[in-house]
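Single-structure report; data block below.
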Amino acid sequence: DPLIEVRGLTKTYRPRRSTPTVALDDVDLTVGQGEFIALVGPSGCGKTTLLKILAGLIPAYDGEVTLGGRPVSGPSSEVGVVFQQPTLLPWRTILENIMIPIEVQGLDRKAGLERARELMSTVGLDGFADKYPKELSGGMQQRAGICRALVHDPKVLLMDEPFGALDAMTREFMNEELQRIWLASGKTVVFVTHSIPEAAFLADRVVVMTPRPGRIAEIVGVDIPRP
Ligand code: ADP
Ligand code: ADP
């Protein structure tokens, strides 16, 4: 079943003091329930724009974008988002940061705490709950950001180059963890990356975008055996 449906999506940025940019041009995309899509393409082709629209962070666009049959017009509790930079709140501890979606959505605190600790353990953050972001390395902050994106158990996980700033070993570890999380939970994932090997390793389908304006050039099914 399709969970995400994009039809004729065009996004034109119209900055007040310069010429408009067409970032996405007539994009169609369907993502099935439980599917893992990698979005690849050169810098500036509109990958981040597409992800932000799916996340409800850009409410003005032309075309149709639906999530579970409902038009996307703002942030949804069914979505978790991870950006390249960790964006943790510096005055909150790691655990308090991870708990933000639970608080914002008024979900059960006890169950949320249990899940937060479980996720922290999965990504190797045991023992860091009461530290502040600046006490952790960039890679560890990013892992905390991934826990925050998953703590409310969203149906959809949107990730924009989440491991771009990590060293090769941490990146590989995180790829394996992400695949485990995805396989165990059946989440629908849209993953933006510059790395074709990473895309091929993680995704069911690789969606290739053309540069300026962004169009979908090709959708490649990846038929690799999974563990
Ligand atoms: P990618 O993620 O593939 O690098 P982006 O979605 O960031 O691509 O950008 C697509 C195009 O839209 C680029 O030409 C970029 O310069 C432009 N763009 C992105 N954000 C804005 C903005 N807020 N205002 C104006 N132009 C933008
Ligand atoms: P990077 O950000 O350079 O990728 P990692 O996140 O991979 O670094 O961290 C590597 C390891 O170093 C961690 O798993 C942890 O054991 C240790 N480490 C990093 N920062 C700290 C810290 N602030 N306190 C204690 N151990 C740390």
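Note that ligands are numbered from 1 as they come in the structure, with each ligand's atoms numbered from 1 the same way. Count residues from 1 along the sequence.
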Students should be able to answer this: which protein heavy-atom is nearest to atom 15 (C) of ligand 1, and at what distance? Thr21 CG2, 4.8 Å

Per-atom contact, atom 13 (C) of ligand 1, protein heavy atoms, under 4.0 angstrom: yes

With sequence neighbours excluded, residues passing side-chain contact (heavy atoms from CB on, under 4.5 Å) with Val72: Tyr61, Val65, Leu67

Measuring to protein heavy atoms, does anything land under 4.0 Å from atom 7 (O) of ligand 1? yes

Ignoring hydrogens, just give me the one of Met209, His194, Lys47 whose non-hydrogen atom is nearest atom 3 (O) of ligand 1. Lys47

Taking C-beta and beyond as the side chain, do Ile37 and Phe191 meet within less than 4.5 Å on heavy atoms? no

If you apply the rule salt bridge (charged side-chain N to carboxylate O under 4.0 Å, His left out), what do you find for Lys47 with Glu161, and how did you get there? CA-CA 10 Å; Lys47 303 183 294 298; Glu161 292 261 359; 5.7 Å; no

among protein heavy atoms, the one nearest atom 27 (C) of ligand 1 is Tyr13 CD1, 3.3 Å

Distance-only donor-acceptor check, side chains Thr48 and Asp160, under 3.5 Å: yes

Backbone or side-chain N or O of Cys45 under 3.5 Å from ligand 1 N or O: yes

Between Arg7 (side chain only) and Glu64 (backbone N and O only), is there a donor and an acceptor less than 3.5 Å apart? no

At a 4.0 Å threshold, what atoms of ligand 1 neighbour a non-hydrogen atom of Ala23? 10 (C), 11 (C), 12 (O)

Would Arg171 and Glu198 satisfy salt bridge (charged side-chain N to carboxylate O under 4.0 Å, His left out), going step by step from the backbone distance to the final call? CA-CA 9 Å; Arg171 194 175 174 128; Glu198 190 169 74; 3.0 Å; yes

of all protein heavy atoms, closest to atom 11 (C) of ligand 1 is Gly44 O, 3.6 Å

